[in-house]
Amino acid sequence: MKGSRLVPNCKRRHLSKLFSFFQSHRTLHTATVTDYLQVTSDDLENERKGIDFNALFKSCTKLQQVKCAHTLVVVSGRFKDNFLSSKIVNLYSQHGDVSLAWWTFHHLPNKDVYTWNSMAFAYVSHGRFREALGCFNQFFSTSGLRPDFYTFPPVVKACGDLLDGKKIHCLVLKLGFEWDVFVAASLVHMYSRFGLVGDARKLFDDMPARDRGSWNAMISGYCQNGNAAEALDIADEMRLEGVKMDAITVASVLPVCAQVGDILSGKLIHLYVIKHGLEFELFVSNALINMYAKFGSLGHAQKVFGQMVVRDIVSWNSIIAAYEQNNNPVSAHLFFHKMQEARVQPDLLTLVSLASIVAQLNDHQNSRSVHGFVMRKGWFMEYIIIGNAVVDMYAKIGNLDSARAVFGGLLIKDVVSWNTLITGYAQNGLASEAIEVYLLMGEHEEIIPNQGTWVSILPAYSHVGALQQGMRIHGQVIKNCLYSDVFVGTCLIDMYGKCGKLDDAISLFYQVPRKNSVPWNAMISCYGVHGDGEKALELFREMRAERVKPDHITFVSLLSACSHSGLVSDAQWCFNMMEEEYRITPSLKHYGCMIDLFGRAGELEMAFNFIKNMPIQPDASAWGALLNACRIHGNIELGKHASERLFEVDSENVGYYVLLSNIYANVGKWEGVDDVRSLARDRGLRKNPGWSSIILNNKVDVFYTGNQTHPKCEEIYRELRDLTSKIKTIGYVPDFCFVLQDVEEDEKEHILMGHSERLAIAYGIISTSPKTPIRIFKNLRVCGDCHTVTEFLSIITEREIIVRDSSRFHHFKGGTCSCGDYW
DNA sequence: TTAGGGTTAG
């Protein structure tokens, strides 16, 4: 290397490294320095005298050319100068290369306090807290020097736990540095960081002098502990003492306004920001974007973002997350593109948002790209958050195999990882897999279940009707003092309701906070499932009396409850109120409920007119509801029309073919049944995996249709054959229109016999003592033939049989069912 | 010459 020839006194190895850096900086300034050194190469000793070292060094530092400055120090032989070397350490700590900072520091023979402080600070500013503390300990035990005011603040910041913090605090007291405003502020912050905000406040109150930094430390202490009221109070106190808020104060307080939903304070602070010219501060703008995003005020968030002169990765992440978290993945994705156009490199949090965007868009192709990008970056190894986000992404797009694979590959799993997978299975209707993962999680003692766990597992248990297991979770919830949590409470209400324990659901409902619509919706839905529309309406009136604002889900539950109970005029009252009073635009689900309501009540013309007048395109559920009504009331013509429209929008759902075939069969039009069968066969039926579950001795047994893998399979089928021949003697005739396969009658009977609820009922009969009631849970709706069979079974076995299907409870007793539906 | 307090998270 040229450089090493220039300065024979310097260590060749170090110089070559430095000069390669030096040469890579091809700025005008470095070129000047290089030329200057070249000229002096012939007789360094003589020429050295002529170099205006100080001027060059100053220019280098001013232009942040730290490597040039470093080279200058080394080639001029001044690297043993504490002042200069410490300056280099500081420069490196500002400009990225902490290892070069250490190298400079390490080769200084006689380090002074300033040098040690600089090195510790370099580590702290790079987040390498353990090394910073190590540096301090070494300084304290080996240097024999006395720390100064500058020593403590970075070291206090580096403390990883309360014990470290207290040790440093003792040392501060022992050496008498506690009244320095910087030292005191860092201690205040340290105590708040470890949750001891009271101790922090005591230190703050004892301070003889406070500057803005001290106030900021105390305010941020409250903010980070979620004490919003105290934070806002003390900000007020600060104002009264004549200390103005700066960018740091504002950036600390804004997230708290968002946290506690105090939009008024947030907006007042925004006004303050504008008035005091803080709106172009990066941290302030970023905090404003985040606050507005949490309030759902995307227009304001975008306005702040648009007015920013300088944006960093946090600004981009914030605006992307703003749209992503307010369910606007398209705009979020657009901002991601703009970020790429601006050549800003995405970081971990960008990818966390992107994973969610991809999931919301159900974009299978890009889900792979996100996964690949994260893998190439090696982030899975280090950060749980992104691993969990990818698991969640796959689960949300229904790719549970990939979700499971990514989950399995995570080196570290936390409770969120487990919750994510459980929720993924549960929300994709795979309740037994969700339960399996939950039980597996129980084998890992280090994973402590939390609110998210209960909220993910309870719907799975209620889905399969596992009352005992659900009750056990209720016990754990009480033990963990989460019984007043509105989300856990709502899941418990739902679980008791869906497991047939309506009374328990109600008493729990009156124990949880009922300020928002969530628990009300669950309870209204419970009444609906149990066929009690009147009670659902009564509860809705109570909700209005308590001034709780209903949402779109409230009305879906309510309308569906009315439709099953035939409460036509009440439903119309609700439907009108939804738009007129609550300004909720009806969605397809609401329209579907209304069509179902008119249809069940026999008002087929009204239902048909309602569809024709819909302001949005009717979907399969709308036509499906009409088709079902046609089946109930035997209207072939309208049924045919409905099915034609239906098959235009969804030609794959096997259930609709069954409905149509049933319409023809009910009026003896067997050629129509045959037509539907061949139509279904030609189009290739999508098989709906139907299952039923039964719980015996705290164990859930799940039966799939046609399932032959159960250990007691033979006994079950034998019992079913016996029972079928018995019920035939008292009038049962199999209804083959529920079988769409074009096979012989024997085979059709066998297919019907394999329906999952029959397997579950037969298993219940052979496994329990006579006359014990049997409870079955089922994911789809009970087919008409199974309904008839169960009515007969309730006669010959003298048992109550309770079947909860996807929409309601059927209580069979003495040959009749409580559901009131026409089969 | 060096220090404290600040924005995004599954």
Side-chain angles (χ1 to χ4, degrees), chain A residues 61 81-91 93-94 112-122 124-125 147-157 177 180-190 192-193 200 204 210-221 223-224 245-255 258 278 281-291 293-294 304 312-322 324-325 347-353 355-356 359 383-393 395-396 410 414-417 419-420 423 452:
Chain A
T61 53
D81 182 319
N82 273 324
F83 177 89
L84 291 174
S85 289
S86 305
K87 187 84 192 171
I88 299 292
V89 171
N90 283 322
L91 282 170
S93 80
Q94 282 166 35
D112 61 11
V113 190
Y114 173 41
T115 331
W116 283 98
N117 288 349
S118 300
M119 192 59 232
F121 181 67
V124 171
S125 58
D148 65 6
F149 288 106
Y150 295 99
T151 310
F152 288 102
V155 171
V156 172
K157 194 177 180 177
F177 288 123
D180 179 79
V181 278
F182 281 66
V183 175
S186 47
L187 287 169
V188 165
H189 185 247
M190 183 272 293
S192 340
R193 205 153 46 90
F204 177 78
R210 294 182 196 121
D211 66 354
R212 189 155 43 201
S214 328
W215 287 95
N216 285 345
M218 195 60 242
I219 291 172
S220 93
C223 292
Q224 286 171 7
M245 296 200 288
D246 65 354
I248 292 180
T249 330
V250 170
S252 312
V253 177
L254 284 175
L278 297 172
E281 293 274 352
L282 188 62
F283 276 65
V284 172
S285 303
N286 291 347
L288 279 169
I289 296 171
N290 282 301
M291 180 192 72
K294 293 237 165 70
V304 174
D312 68 354
I313 180 75
V314 179
S315 327
W316 286 102
N317 286 349
S318 303
I319 195 74
I320 292 169
E324 175 254 305
Q325 289 180 356
D347 73 351
L348 186 84
L349 294 187
T350 323
L351 264 290
V352 169
S353 290
S356 164
Y383 309 99
I384 306 183
I385 177 172
I386 188 68
N388 295 346
V390 172
V391 173
D392 190 48
M393 172 187 75
K396 288 223 169 86
L410 295 179
D414 64 0
V415 65
V416 181
S417 324
N419 294 351
T420 307
T423 310

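We name chains A, B, ... by the order of the sequence lines, and we start the count at 1 in each one.
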For A/S353 and A/A321, work out which heavy atoms get closest and say how close.
OG-CB, 3.7 Å
Heavy atoms only, 4.0 Å cut-off, all strands: where does A/V391 land among base, sugar-phosphate and nothing?
nothing
Assign A/N317 to base, sugar-phosphate, or nothing according to its heavy-atom contacts below 4.0 angstrom with the strands shown.
base
Does OP1 or OP2 of B/dA9 have a side-chain N or O of A/K294 closer than 4.0 Å?
yes
Given atom CH2 of A/W316 and atom C1' of B/dA9, what is their separation to the nearest angstrom?
20 Å
Mind checking if A/I384 touches a base, just sugar-phosphate, or nothing, with heavy atoms under 4.0 Å?
base
A/F121, nearest nucleotide to its side chain (from B/dG6, B/dA3, B/dG5):
B/dA3
Ignoring backbone atoms, test whether A/H189 places a side-chain nitrogen or oxygen under 4.0 Å from the OP1 or OP2 oxygen of B/dG4.
no
Does a side-chain N or O from A/Q224 land closer than 4.0 Å to OP1 or OP2 of B/dG6, or not?
yes
What residue among A/R212, A/M218, A/R210 forms side-chain contact (heavy atoms from CB on, under 4.5 Å) with A/S214?
A/R210
For the pair made of CG in A/N117 and C1' in B/dT2, what is the distance, rounded to whole Å?
6 Å
A/V155 and A/T151 have their tightest heavy-atom pair at CG2-O, 3.3 Å
Could you give me the CA-CA distance, side-chain angles and deciding distance for A/L278 and A/V250, then say whether side chain to side chain contact (heavy atoms under 4.5 Å, CB included) is met?
CA-CA 9 Å; A/L278 297 172; A/V250 170; 4.1 Å; yes
Mark this stacking check for A/Y150 against B/dA3 as yes or no, applying ring centres under 5.5 Å and ring planes under 30°.
no
Interatomic distance, A/N90 CG vs B/dT2 C1' [rounded to whole Å]
5 Å
Does A/A247 reach a base, just sugar-phosphate, or nothing at all? Heavy atoms under 4.0 Å.
base
Classify the side chain of A/D211 versus the base of B/dG4 as yes if they form a donor-acceptor pair under 3.5 Å and no if they do not.
yes
In whole Å, I'd like the distance from the CD atom of A/E281 to the P atom of B/dT7.
14 Å
Rounded distance (Å) that lies between atom C1' of B/dT8 and atom CG of A/L288
14 Å
Here the distance between atom C1' of B/dG4 and atom CZ of A/R212, to the nearest Å, is 13 Å
Quick note, A/I248 side chain, CB onward, closest among B/dT2, B/dG5, B/dG4 is B/dG5
Using side-chain hydrogen bond (donor to acceptor under 3.5 Å, both in side chains) as the criterion, point out the one residue from A/D148, A/N90, A/D112 that pairs with A/N117.
A/D148
Looking at every heavy atom in both A/A185 and A/A217, which two are closest together, and how far apart are they?
O-CB, 3.7 Å
Just call it for A/S86: base, sugar-phosphate, or nothing, with non-hydrogen atoms closer than 4.0 Å on any strand.
nothing
Does OP1 or OP2 of B/dG6 have a side-chain N or O of A/S220 closer than 4.0 Å?
yes
Quiz item: A/D246 side-chain donor-acceptor pair to B/dG5 base, under 3.5 Å:
yes
Between B/dG5 (P) and A/M245 (CE): distance, integer Å
20 Å
Rounded distance in Å - CE (A/M119) to P (B/dA3):
14 Å
What contact category does A/A389 fall into here, base, sugar-phosphate, or nothing, at under 4.0 angstrom with non-hydrogen atoms?
nothing
